[in-house]
Amino acid sequence: MLISRRSALKGFGAAAAAATASSIAMPALSQGLKKVSFTTSWIPEGPNLFAYVARDKGFWKRHGLDVSVARGSGSGAAAQAVSAGTFDFGMAATPTVIVQAAKKLPITCIGQINYDALMGVGVLSGSPIRAPKDLEGKKLGASVTSGEYPFLPLYAEKAGIDLSKLQILQVDGKVRERTLVEKQVDAVSAFATSTVPSLAPLGTDVRFMLFSAVGIEFYGQSLTTQPARLQQDKALCEAFVQGAMDAIKFTMTNFDEAVDIFLKANSEVAISSTGKEYARIGLGLTNLTNLVPEVKQNGFGWADPAKVAMMADLVMKYAAGEGAVKPDVGALFTNDFVGKLRLSPEELAAAEKSAAPFRKYVGS
């Protein structure tokens, strides 16, 4: 059964190895383009679908770039690889970037990819758990290595839950969804963008109570690079960000074509009987997170300085660990290259209509 992000793609067939090679490095699109390397934060899925669109639809090419796309193995690893200069650019969960910066890694955020990490507590659709308070007296499966785990006490506080009344079972992230499907637990602490696309295509509908619903507003994924690159080659950074933002807008206004481009780029997903729905749900949830005031009022990629400061405070308190030093968020985030691309009223209406079917999974 496909029940986790790792197992979701592990079972997608023997074509995976060949597809990996083709997705990591593409031949030069034409002479004169500047070669640039980019790493996603995870295996091919909704939040990084834009990268395959930006590459294969030619958005980066229009800005003079030949971008190779490597699939990642986690936000922490992606942030560290970018900081070390292994890749020119990357993407990583915004709270994770803050953690890495607090550990003195040279990294900076140059554009916001999406605006809700979709951290939360997932339950089966038929569960009697309808509100956070209903979790009391129930079994919650959680993985200590998962990005949302450090913030469970904060969620309990904000949602009015007595955490001592929950039975928290530590489970490996690779089998977390299985424990929910097999009803070994009543709920799981996870990311909706991970759990929902893995389970829903198999007929196991889940719904999430999001951390953001109680005021814990963590951004999703950020585009990243090294501070030195930002200082030395702003034109390159701007070209990269603009190509990415063009692609993100395209995924919201040309949903079906964006999914098709993604599937052509990732044959191991396409050959699975659930692959197309996996991609559709992942992109649908991601697009929901971009229907926010930041994008509507300030354009794609813009990060709210007040929210960034709030995130940094929460990360330092709950997740940064001993010895971490709060980074200068004014230096860690820049809006210099974003806000240039917006949705017209007609495009916004179409994007909201396209994303509407996926709201049922996140309770909004």
Notebook entry, point to check: What do you reckon, is NZ of Lys34 surrounded by more than 12 foreign heavy atoms closer than 6.0 Å?
Noted result: no
Note to self: Rounded at 0.5 Å granularity, tell me how far CG in Leu263 sits from NZ in Lys276.
What the structure shows: 7.0 Å
Margin query: Contact between Asp205 and Tyr361 at the side-chain level, heavy atoms closer than 4.5 Å - yes or no?
Written below: yes
Next item on the list: Write down the atom of Val97, the atom of Cys109, and the distance for their closest heavy-atom approach.
Entry: CG1-SG, 3.5 Å
Check: Between Asp134 and Arg130, is there a donor-acceptor pair closer than 3.5 Å when you use the side chain of the first and the backbone of the second?
Finding: yes
Notebook entry, point to check: Is it true that Lys35 and Asp88 have a side-chain N and a carboxylate O under 4.0 angstrom from each other?
Noted result: no
Note to self: Check the orientation of Phe50 and Trp60. Use parallel for under 30°, tilted for 30 to 60°, and perpendicular for over 60°.
What the structure shows: perpendicular
Check: Can any side-chain N or O of Ser75 pair as donor or acceptor with the backbone N or O of Ala92 at less than 3.5 Å?
Finding: no
Margin query: Under 4.5 Å between side-chain heavy atoms, counting indirect links through other Ile/Leu/Val/Met/Phe/Trp/Tyr residues: same cluster for Phe250 and Met252 or not?
Written below: yes
Note to self: Any salt bridge linking Lys340 with Glu238? Criterion: basic side-chain nitrogen under 4.0 Å from a carboxylate oxygen.
What the structure shows: yes
Checklist line | From CA spacing to verdict: side-chain hydrogen bond (donor to acceptor under 3.5 Å, both in side chains), Ser83, Gln100 | finding: CA-CA 9 Å; Ser83 296; Gln100 298 299 332; over 6 Å; no
Margin query: Working to the nearest 0.5 angstrom, can you tell me the gap between Asn266 CG and Leu49 CG?
Written below: 8.0 Å
Check: Above 12 or not: heavy atoms from other molecules or residues under 6.0 Å from NZ of Lys307?
Finding: yes
Check: Under 4.5 Å between any side-chain heavy atoms of Arg176 and Ser146, yes or no?
Finding: yes
Notebook entry, point to check: Would one find more than 12 heavy atoms of other residues, nucleotides or ligands at under 6.0 Å from atom NZ of Lys139?
Noted result: no
Next item on the list: Show the numbers, then the answer: is there a side-chain hydrogen bond (donor to acceptor under 3.5 Å, both in side chains) between Ser143 and Thr145?
Entry: CA-CA 5 Å; Ser143 172; Thr145 60; 3.1 Å; yes
Notebook entry, point to check: Do the side chains of Gln170 and Val144 get nearer than 4.5 Å, heavy atoms only?
Noted result: yes
Check: Can you tell me if NZ on Lys264 sees more than 12 non-hydrogen neighbours from other groups inside 6.0 Å?
Finding: no
Notebook entry, point to check: In Å, rounded to the nearest 0.5 Å, how long is the span from CD of Gln242 to CZ of Arg62?
Noted result: 13.0 Å
Check: Are any non-hydrogen side-chain atoms of Met310 and Glu217 less than 4.5 angstrom apart?
Finding: yes
Note to self: Is it the case that the side chain of Thr40 and the backbone of Asn48 share a donor-acceptor pair, with hydrogens and angles ignored and the cut-off at 3.5 Å?
What the structure shows: no
Item checked: Separation of Phe300 CZ from Met245 CE (nearest 0.5 Å) -> 9.0 Å
Checklist line | Heavy-atom side-chain proximity of Leu236 to Val36 below 4.5 angstrom | finding: yes
Next item on the list: Could you tell me whether a side-chain N or O of Thr253 sits under 3.5 Å from a main-chain N or O of Lys249, the two making a donor and an acceptor?
Entry: yes
Check: Closest heavy-atom contact between Ala355 and Leu291?
Finding: CB-CD1, 3.9 Å
Item checked: Intermediate values then yes/no, ring-ring contact (aromatic ring centres under 6.0 Å, His included), Phe38 and Phe89 -> CA-CA 5 Å; Phe38 171 73; Phe89 299 96; 7.9 Å; no
Item checked: Check: Thr286 side chain, Gly282 main-chain N or O, donor-acceptor pair, under 3.5 Å -> yes
Item checked: Pair Ile216-Leu154, side chain to side chain contact (heavy atoms under 4.5 Å, CB included): steps then yes or no -> CA-CA 8 Å; Ile216 306 172; Leu154 177 62; 3.7 Å; yes
Margin query: Looking at Glu148 and Ala117, would you say the former's side chain and the latter's main chain have a donor-acceptor pair under 3.5 Å?
Written below: no
Next item on the list: Verify, without hydrogens or angle tests, whether Ser272 (side chain) and Thr274 (backbone) share a donor-acceptor contact under 3.5 angstrom.
Entry: yes
Checklist line | Contact check, side chains of His63 and Asp246, non-hydrogen atoms, under 4.5 Å | finding: yes
Check: Any chance the rings of Phe191 and Phe208 have centres within less than 6.0 Å?
Finding: no
Check: How far apart are the C-alpha atoms of Arg342 and Glu347, what are their side-chain angles, what is the distance that settles it, and do they pass the salt bridge (Lys or Arg N to Asp or Glu O under 4.0 Å) test?
Finding: CA-CA 9 Å; Arg342 300 172 187 249; Glu347 289 171 334; over 6 Å; no
Notebook entry, point to check: Quick check: does any side chain N or O of Ser127 sit under 3.5 Å from a backbone N or O of Asp186, one acting as donor and the other as acceptor?
Noted result: no
Margin query: Rounded to the nearest 0.5 Å, what separates atom CG in Leu180 from atom CG in Leu124?
Written below: 4.0 Å
Check: Which pair of non-hydrogen atoms, one from Cys237 and one from Leu230, has the smallest distance, and what is that distance?
Finding: SG-CA, 3.8 Å
Item checked: Phe218 side chain near Thr94 side chain, heavy-atom distance below 4.5 Å -> no
Item checked: Cluster overlap Leu105 with Val308, hydrophobic side-chain contacts below 4.5 Å -> no
Item checked: Whether Tyr52 and Phe262 hold their rings parallel, tilted or perpendicular, with breakpoints at 30° and 60° -> perpendicular
Checklist line | ILVMFWY cluster, Ile129 and Val171 together (side-chain gap under 4.5 Å) | finding: no
Check: Sub-3.5 Å donor-acceptor pair from the side chain of Glu136 to the main-chain atoms of Asp162, do we have one?
Finding: yes
Item checked: Working for side chain to side chain contact (heavy atoms under 4.5 Å, CB included), residues Leu166 and Ile161 -> CA-CA 9 Å; Leu166 273 69; Ile161 304 169; 3.5 Å; yes
Next item on the list: Using a 4.5 Å cut-off on heavy atoms from C-beta on, say whether the side chain of Phe333 contacts that of Gln112.
Entry: yes
Check: Would Leu285 and Val196 count as a side chain to side chain contact (heavy atoms under 4.5 Å, CB included) if you check the C-alpha gap in whole Å, the side-chain angles of each, and the deciding distance to 0.1 Å?
Finding: CA-CA 9 Å; Leu285 290 172; Val196 175; 3.9 Å; yes
Note to self: So does Ser194 get a backbone contact from the side chain of Ser198, meaning a donor-acceptor N/O pair under 3.5 Å?
What the structure shows: yes
Check: Would Val82 and Ile113 show up in the same hydrophobic cluster when neighbours are defined by side-chain heavy atoms closer than 4.5 Å?
Finding: no
Item checked: Residue pair Val315, Tyr318: steps toward the side chain to side chain contact (heavy atoms under 4.5 Å, CB included) verdict -> CA-CA 5 Å; Val315 166; Tyr318 291 95; over 6 Å; no
Item checked: Stepwise salt bridge (Lys or Arg N to Asp or Glu O under 4.0 Å) check, Glu352 with Lys296 -> CA-CA 12 Å; Glu352 289 177 335; Lys296 294 177 183 178; 3.3 Å; yes
Item checked: Gap between atom CG of Asp313 and atom CD1 of Ile98 - 0.5 Å precision -> 9.5 Å
Check: Taking all non-hydrogen atoms of both residues, which atom of Pro327 and which atom of Met316 are closest, and how far apart?
Finding: CD-SD, 4.2 Å
Notebook entry, point to check: Do Val325 and Met311 sit in the same hydrophobic cluster, where Ile, Leu, Val, Met, Phe, Trp and Tyr count as joined when their side-chain heavy atoms come under 4.5 Å apart?
Noted result: no
Checklist line | Pair Tyr115 and Tyr219, ring centroids less than 6.0 Å apart | finding: yes
Next item on the list: Taking all non-hydrogen atoms of both residues into account, name the closest pair between Leu283 and Ala258 and its distance.
Entry: CD2-CB, 4.2 Å
